[in-house]
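Letters go in sequence order (proteins before strands), and every chain restarts at 1. Fair warning: this is a prediction, and the values are worked out from it, not measured in the lab. Because only heavy atoms are used, hydrogens play no part in the values below, and waters and symmetry mates are left out as well, while side chains stay in.
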Amino acid sequence: MTGTTLVTDAQNTWCPGCGNFSIQHALRAVLLEMASEGLPLEQVVLVTGIGCHAKMADYLDVNSFYAIHGRVMPVATGIALANPDLTVICCAGDGDAYAEGLDHLIFAAKRNINLTVIIHNNRVYGLTTGQYTPTSPLGFRGRSTPKGTVEKAFNPLELVLASGGTHVARGYTRKQPMLKALIREAIRHRGFSFIDVLQICATYNDPHEAYDRLAYPLTGHNPGDFDAACRKIREWDYNREAPIALGTFYSVEEPSFEERFRLTPQSPAEREAAIRSHLEGN
Amino acid sequence: MTGTTLVTDAQNTWCPGCGNFSIQHALRAVLLEMASEGLPLEQVVLVTGIGCHAKMADYLDVNSFYAIHGRVMPVATGIALANPDLTVICCAGDGDAYAEGLDHLIFAAKRNINLTVIIHNNRVYGLTTGQYTPTSPLGFRGRSTPKGTVEKAFNPLELVLASGGTHVARGYTRKQPMLKALIREAIRHRGFSFIDVLQICATYNDPHEAYDRLAYPLTGHNPGDFDAACRKIREWDYNREAPIALGTFYSVEEPSFEERFRLTPQSPAEREAAIRSHLEGN
Amino acid sequence: MTEYSVLIGGRAGEGLNRAGMVLCHLLQERGYHVYLYYDYPSLIRGGHNFSIIRASERPVFAHRDRVDFLLAMNQETVERHRGRLTEDGVLLYDDYAVHTEGGVGLPLERILKEVQAPEIARNTGIIAGFCCAAGIPMETLEQVLRREIPRGIEANLAVARGVYAVGNTLRQIPVIPGKRRHPILTGNEATGFGLLAAGLSSFIAYPMTPTSNLLHFLAAHADRYRLKVVHPENEIGVMLMALGAACGGERVAVGTSGGGFCLMTEGLSLAGMAEIPVVIVLGQRPGPSTGLPTYSCQTELHFAISAGQGEFPRLVVAPANPAQACRWSATALHLAWKYQVPAFVLVDKNMAEGAADFDPGGVPAVAPAGPVRWDGTGTYQRYADTGDGISPWLAPPSPGQTVKVNSYTHDERGISTEDPALTARLQEKLQRKGAALAAEVATMQTVLSTGPADARTVLLTWGSCTDPCIEVAGMRGLRVVQPVVLWPFPAEALRAALSGSGQVVAVEQNVTAQLARLATAEGIAVHGRILKYDGRPFSLEDLEERVREAVA
Amino acid sequence: MTEYSVLIGGRAGEGLNRAGMVLCHLLQERGYHVYLYYDYPSLIRGGHNFSIIRASERPVFAHRDRVDFLLAMNQETVERHRGRLTEDGVLLYDDYAVHTEGGVGLPLERILKEVQAPEIARNTGIIAGFCCAAGIPMETLEQVLRREIPRGIEANLAVARGVYAVGNTLRQIPVIPGKRRHPILTGNEATGFGLLAAGLSSFIAYPMTPTSNLLHFLAAHADRYRLKVVHPENEIGVMLMALGAACGGERVAVGTSGGGFCLMTEGLSLAGMAEIPVVIVLGQRPGPSTGLPTYSCQTELHFAISAGQGEFPRLVVAPANPAQACRWSATALHLAWKYQVPAFVLVDKNMAEGAADFDPGGVPAVAPAGPVRWDGTGTYQRYADTGDGISPWLAPPSPGQTVKVNSYTHDERGISTEDPALTARLQEKLQRKGAALAAEVATMQTVLSTGPADARTVLLTWGSCTDPCIEVAGMRGLRVVQPVVLWPFPAEALRAALSGSGQVVAVEQNVTAQLARLATAEGIAVHGRILKYDGRPFSLEDLEERVREAVA
Ligand SMILES: Cc1ncc(C[n+]2csc(CCOP(=O)(O)OP(=O)(O)O)c2C)c(N)n1
Ligand SMILES: Cc1ncc(C[n+]2csc(CCOP(=O)(O)OP(=O)(O)O)c2C)c(N)n1
Ligand code: SF4
Ligand code: SF4
Ligand SMILES: [Mg+2]
Ligand SMILES: [Mg+2]
């Protein structure tokens, strides 16, 4: 945390044109902005999975836990439980969060734990050189499915909503200002915030032509209206071409999990006394 | 498979009044019926998890794979892939399928693999003596949450629907004839069929008074109508009291996963030739 | 040595474990040390459950096959266990449920009806029958019942009085003066107290026999200790949540058994690489796979030592009984945090669910020990390279500093690297830390010896086999050697403990002699093997017989 | 021995691996055996990649630090590797990207522009430069290019011609007559062929370096072999799906690396208990945890042997090179099915992603071997107790019979039991099966010896360290002993192989000498240890130096 840039000196090895640059840029800008408004940057903890996206942990000069493939949510949950005052941000891949560790995502949403989850959804395993993921469209040809997948993509927003997520949004790496706004809003949201970011993978999956054509910003939408959120979320199913809404689909306030565990630890003397009294049968 | 009863001589150790008896009874009756209509019983394979529900594997005299906690779906998927002609039935617990192994359930639905999944949803871990599960209502007091849970139940039907499940139903152990009909229909459905069965746990969770009061059969409902299915599924959220619809919410036909893997194995001679030609660069 | 064994048996779901505990308390009131073995199948109701309570002048943690009192709640109990009765043993049974010759039938059905007591009070009835027969006064029973099962106490007392009204003293259990009354703890509870004494602040677990009761115990007392107790979606979640919590500043333990531990191994390796402390209470039960969920074994020693990809230091302790469990769980937590390594408390069902009277003096003092903390000079580096390999600890937030935890091979700051020299250096740092841990462990009493120092024959054993070995060895003048720390393997201490021995016989509850294999790998000769792998603990008679054969 | 080493280096994403393969083919056309080492960081573009191709009269699977040709696609390559050039070594570089003194700059920018070739053809340009310099005729290059990279062939040929137009022969690589042209296979591909030869019908995997390419290879050729290739949601799904498929009648293998294997351990234990065959291709890469994903090590030996709760038989083979990988993968599959046990093919990144020319004669014959099938008499019992512990196999459907697979302790039919006698019997059955497996394995050549039988000094090694050891030992007259089966540990064969030796030096790519520890546990003395743990393979120079020190 060498002052203002929030960037370490680690060599950046994303491919030219990779959408991860946009996410890094947006997240960094939001953090710097929030810092200037008073957020102590040392309270930020970034948790990442494993994959191209996860290099964020090396590149951003904030507290970080560069975790393992698929396990961003439980690690982040543990951190938030330990200290509910931390601002815990999760950068996870679509392979990470939707395949290897999907259950954890659903339970993080179910618990409404105060995390900001940014999914770098390039709809491919980047770092392992281009296999399909759960959001790759039906028929996607990757190295493990050279003839095309025979299963449909699922819609991650629909799943998170069904799991109890209280803040559900979608961004796109080629819409920078909106991405920034979405991240900012998600961090501000108290409880579980989820942004599925459509990210360009310049090397293995670059549907930017289609995204540019189909994406539109959600306007006149009431994020407190669950049914409207469902409808809008279902407009595009991640398989067939359809209009792709960007923005916040759903946002409501509910009690968050870690708050129920806000406890001051016992001093040794208190602990000693508690054990004694317990063993004495009180 | 000693003829007609389909029951082994293993000692039954379910508690008196346990809803598992009803499920066993219903499943057995359906299988016997289907056998009399021509289903060769040796083509049935039952896969179970670990828990009270799973004892079904010991009690029913059919082919079975008494698997491990949470892993019913991948085992069943493997069996269906090996032989798409088998009738693969999964009896899983709510701890099994909704907690330990939730991701597999979602992916089985996503793939639309031809399985019949019966969840013995007693909304508690029975065999480990009464802890909350993902469908226990908010505030449930179990042995791991003596002060009550601080997270809401999720709605498993909503999740399965969001995952791409093509046949989604709910039954109740105290509505035997309907349960039988639902199981029969689910087995008949080609593709992924899912029945969440509200099961009484006589020892740790017995809400039969509420269920009896709130449950009603779905009538005049078109299971081909996705939106109607959503609405009906959301009527009850597994937390607050609300009318509980029983029946088939959704059912459509789509290509199933295992059919794409229907292959006749190569003979040794064919394999030998294939390897030779491959190594010769052809 | 004056001692008595009591077996109470019936169907699952009748509160038999509870009844066993009450018997323990009654016998303690008579001045005895007590041990409880609880045998139950993996089901909720029905099936056959029984407890054997052994009361003895000296502390014990082993049972005998032969019993002095047999309390039968059902016919099956009489049929299965009648043969265990000693010659002057007393059989007491519920005459409504049991039809048999000899023994004393108690008219429990009539008494329950008369006082309108619930079914569950039947247990109290047979306990009262036992008290009468053993000459334990009604006042003692009343006192214990009021203390131990306050719920529905009046109905229970009414039943007890009804039984006393018809009962006689058949075999007096004399009072031994002098013993202070102690709590009776299971191994799980004692482990919990040890962790609490070492400053546990979070406990995360997914239920799995035989450590579910540790979760239940800590959950039940979470408020008392301001403890964060979480039961997540599965064991992967457990382990990773624990690692996140540790980095956030919690002192955290997890509990599981072999199957759940499998799912934690990837997180274990992460703990190794990222140098995150965590205590894993690993309860052994017979496998492979689901196996026998409610029975016992010692089969996870090699797995615990080798689990997780890559090479990294860890601690494995295997306590023999609740007293050791308390002490060594505390030590495990302290060392885990000091060295920032994963530490195992390797228990088994016999130890974890067995119970005994527990001297509260055995709870270690609550000492605020922790990792070396960053001294605040310069820029913080999570993985600063130091002489002993231990990098100073810092949990965020710390103004102006970044704490970078990393699962990749990393430099001192925690930034990923693929440089060969840094890679080698990191491996050496981890090994150095392991060596420092081993050096500290070597200053402790890692290997316990009992019996005559000049005995040529030694029973080499571990975990819950230890106490049976000590008793049997006592009868035959043998020595018992128990490594309580199993990794870093205390080869020197073990060699020293075995010095002068002629024949070393391993006694283990597994089929491949796991401790013997570890010892052999260190060049320590093991001459015989007494192995048991049917899920049941060695009884004293059983073990004596096996020892007689082996030490021929 | 006539031999040449060529290093080609550049940035990731420039098709360097492919270029290395073309160089291999070119050198094979000259009559050499070839070996390719491919070094790349874990990223997609940028970063430094290089391949070292060694061409030699004899088959080799090891590289030298020193190279005869250095082909530099960028400045970094020259800077990092220039020091490797032998005295008369040739430096060739792309003069657009590299500025340096000496060597030969190729005007690739101009040529690409002139013939309007795409960027990727730059690799072809430098290869053509190498061909000119080495005196390899354009016809040979054309032939290889047409065969190996038919896509965009004309542009590539145009570039090559452009380079030939300006190039000169600098250091002739002579033709060695007589060698037949063989396919050049990676270890992963050779493993795939071995499995296919043994009748593989399904392959299930989640991508993870260094075995992802096995998945890609089998997926690419699924149609050719009517193979079911599935990439599920995660490794837990992989393992359990594989077990389901095996019970349904498939011959199935899975592929992974340490982190993914962690997630398979619970399924592994299930395979042990339920007696389900499965082959696990476990690719080692440096840990702990994520570690160095694209580099190599030998750290999972003890983990593979001990993984999973409970005790059950398994097979672990660790091939040294593609030829062994093919043969032993086939054997692993055969034995897994015969004994209904899990079998590991333990590879490492060096072996799995290294390539060499492969004699197709080394592919085992496709023999229809399988488990003993049920003979159809009486009632089928999945776990029938037999002399050798192997129960006859039956996959449903079978009219009138039920096949009951079970993770619990079970009786012969597969129904759960908690009976102590049946429990012990089941444990003994598993051990008996393990003994039968060990007995069959003992009839095989499990331990390979190379070098003079009377050499007193032995390098004891395994996996991809073997070939470098053999070469170095050859220079110094030492013996090399390689156990290729590592579990059941071939203690007798190893003792025999080491007989007459004075000094045994373990050579391993890990920090705790895992093979040496296994050998020691069997009472086999190991006197020295040469360990490397920076993720890179031993080069010959490197190893020679270390051997010189150790064998002083
Ligand atoms: C348990 C485990 N399995 C597999 C891998 C190999 N692996 C590393 S990254 C990755 C996929 C990354 O995909 P994604 O999460 O979409 O990230 P991206 O590279 O696309 O940003 C995989 C499979 C691993 N590290 N751990
Ligand atoms: C990996 C693993 N973790 C934990 C357990 C312990 N366990 C056995 S059954 C069970 C829960 C069963 O609950 P559920 O699936 O709802 O089945 P029920 O008993 O209610 O029918 C658990 C946690 C296990 N067997 N394996
Ligand atoms: S492979 Fe794709 S996601 Fe990864 S760095 Fe390159 S462009 Fe970005
Ligand atoms: S505990 Fe509940 S689910 Fe289990 S057998 Fe008893 S009543 Fe049925
Ligand atoms: Mg991705
Ligand atoms: Mg349940």
Side-chain angles (χ1 to χ4, degrees), chain B residues 1-2 8-10 40-45 47 50 55 57-58 60-83 85-86 88 101 103-104 106-107 110-111 257 261 263-272 274-281, chain D residues 147 182-183 185 193 196-197 199 201-202 204 221 224-228 230 232-234 236-252 266-267 269-270 274 358 360 363 365-368 379 395-408 410 413-416:
Chain B
M1 209 180 297
T2 39
T8 67
D9 59 9
L41 281 174
E42 68 271 15
Q43 293 204 351
V44 174
V45 183
V47 184
I50 296 296
K55 298 185 175 185
D58 276 344
L60 281 188
D61 192 21
V62 294
N63 297 311
S64 59
F65 192 134
Y66 203 152
I68 54 177
H69 183 48
R71 314 304 169 193
V72 172
M73 306 306 145
V75 167
T77 300
I79 295 171
L81 278 174
N83 184 350
D85 292 325
L86 296 173
V88 185
D103 42 356
H104 308 303
I106 290 177
F107 278 87
K110 176 179 189 282
R111 289 184 194 114
F257 190 71
F261 292 90
L263 299 170
T264 13
Q266 276 177 323
S267 71
E270 286 176 301
R271 176 60 61 88
E272 188 99 49
I275 293 174
R276 198 175 328 110
S277 131
H278 189 173
L279 281 170
E280 280 165 5
Chain D
R147 204 173 62 220
H182 285 156
L185 299 188
F193 280 111
L196 288 166
S201 64
S202 289
I204 309 184
H221 298 286
R224 190 195 282 268
Y225 297 108
R226 293 211 293 274
L227 206 59
K228 302 175 184 179
V230 186
E233 59 274 24
N234 56 32
I236 301 179
V238 167
M239 189 63 172
L240 277 290
M241 226 177 256
L243 299 185
C247 289
E250 296 292 303
R251 283 168 86 91
V252 55
E266 198 193 3
S269 179
L270 169 58
F358 180 92
V363 179
V366 179
T379 302
S398 178
Q401 305 302 329
T402 50
V403 182
K404 295 192 95 64
V405 176
N406 197 343
S407 76
Y408 274 94
H410 45 257
R413 294 171 303 168
I415 304 257
S416 307

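- Interface remark: of the candidates Arg111(B), Glu270(B), Lys55(B), Arg111(B) forms the most heavy-atom pairs closer than 4.5 Å to chain D.
- Heavy-atom pairs under 4.5 Å with chain D peak, among Leu86(B), Val88(B), Val44(B), at Leu86(B).
- Taking Glu250(D), Lys228(D), Arg224(D), His182(D) one by one and counting their heavy-atom pairs under 4.5 Å with chain B, the maximum is reached by Arg224(D).
- Contact annotation for Leu270(D): only side-chain heavy atoms (C-beta onward) come within less than 4.5 Å of a heavy atom of chain B.
- In terms of non-hydrogen atom pairs under 4.5 Å with chain B, the most contact-rich of Ala246(D), Gly237(D), Gly414(D), Pro396(D) is Pro396(D).
- Side-chain contact between Lys404(D) and Phe65(B) is absent, with no heavy-atom pair separated by less than 4.5 Å.
- In summary, Glu233(D) and Lys110(B) do not engage in a salt bridge, as defined by a charged side-chain N under 4.0 Å from a carboxylate O.
- Residues Tyr225(D) and Ile275(B) form a side-chain contact, since some pair of their non-hydrogen atoms from C-beta on lies under 4.5 Å apart.
- Partners of Arg276(B) according to the side chain to side chain contact (heavy atoms under 4.5 Å, CB included) rule, which considers only residues two or more places apart in sequence or in another chain, are Glu272(B), Glu280(B).
- Residues Ile236(D) and His104(B) form a side-chain contact, since some pair of their non-hydrogen atoms from C-beta on lies under 4.5 Å apart.
- Side-chain contact between Pro183(D) and Pro360(D) is present, with heavy atoms from C-beta onward closer than 4.5 Å.
- Interface residue His221(D): only side-chain heavy atoms are found under 4.5 Å from chain B.
- Note: Leu279(B) leads Leu279(B), Asp103(B), Thr264(B) in heavy-atom pairs under 4.5 Å with chain D.
- Heavy atoms of Ile204(D) lying under 4.5 Å from chain B are absent altogether.
- Side-chain contact between Ile68(B) and Glu266(D) is present, with at least one heavy-atom pair separated by less than 4.5 Å.
- Most heavy-atom pairs under 4.5 Å with chain B: of the set Leu196(D), Leu243(D), Val230(D), this distinction falls to Leu196(D).
- The side-chain heavy atoms of Asn406(D) and Asp58(B), taken from C-beta on, include a pair separated by under 4.5 Å.
- Both the backbone and the side chain of Ala197(D) come within less than 4.5 Å of a heavy atom of chain B.
- Of the listed residues (Tyr66(B), Phe107(B), Phe261(B)), the one with the most heavy-atom contacts under 4.5 Å to chain D is Tyr66(B).
- Across Leu81(B), Ile106(B), Asp85(B), the residue that shares the most heavy-atom pairs under 4.5 angstrom with chain D is Leu81(B).
- Met239(D) places none of its side-chain heavy atoms less than 4.5 Å from the side chain of Arg71(B).
- Interface remark: Ala57(B) contributes backbone atoms only to the contact with chain D (heavy atom separation under 4.5 Å).
- Looking at residues two or more places apart in sequence or on another chain, you find a side chain to side chain donor-acceptor pair (under 3.5 Å) between Arg413(D) and Asp9(B), Asp411(D).
- When each of Ile50(B), Val47(B), Asn83(B), Val45(B) is checked for heavy-atom pairs under 4.5 Å with chain D, Ile50(B) comes out on top.
- For a residue to count as touching a neighbouring chain, one of its non-hydrogen atoms must lie under 4.5 Å from one of that chain's; by this rule Ser416(D) touches chain B with backbone and side chain alike.
- Using a 4.5 Å heavy-atom cutoff, the side chains of Ser398(D) and Glu42(B) are not in contact.
- For Pro268(B), the parts sitting under 4.5 Å from any heavy atom of chain D are the backbone and the side chain alike.
- Looking at Val363(D), only its side chain comes within 4.5 Å of chain B, counting heavy atoms on both sides.
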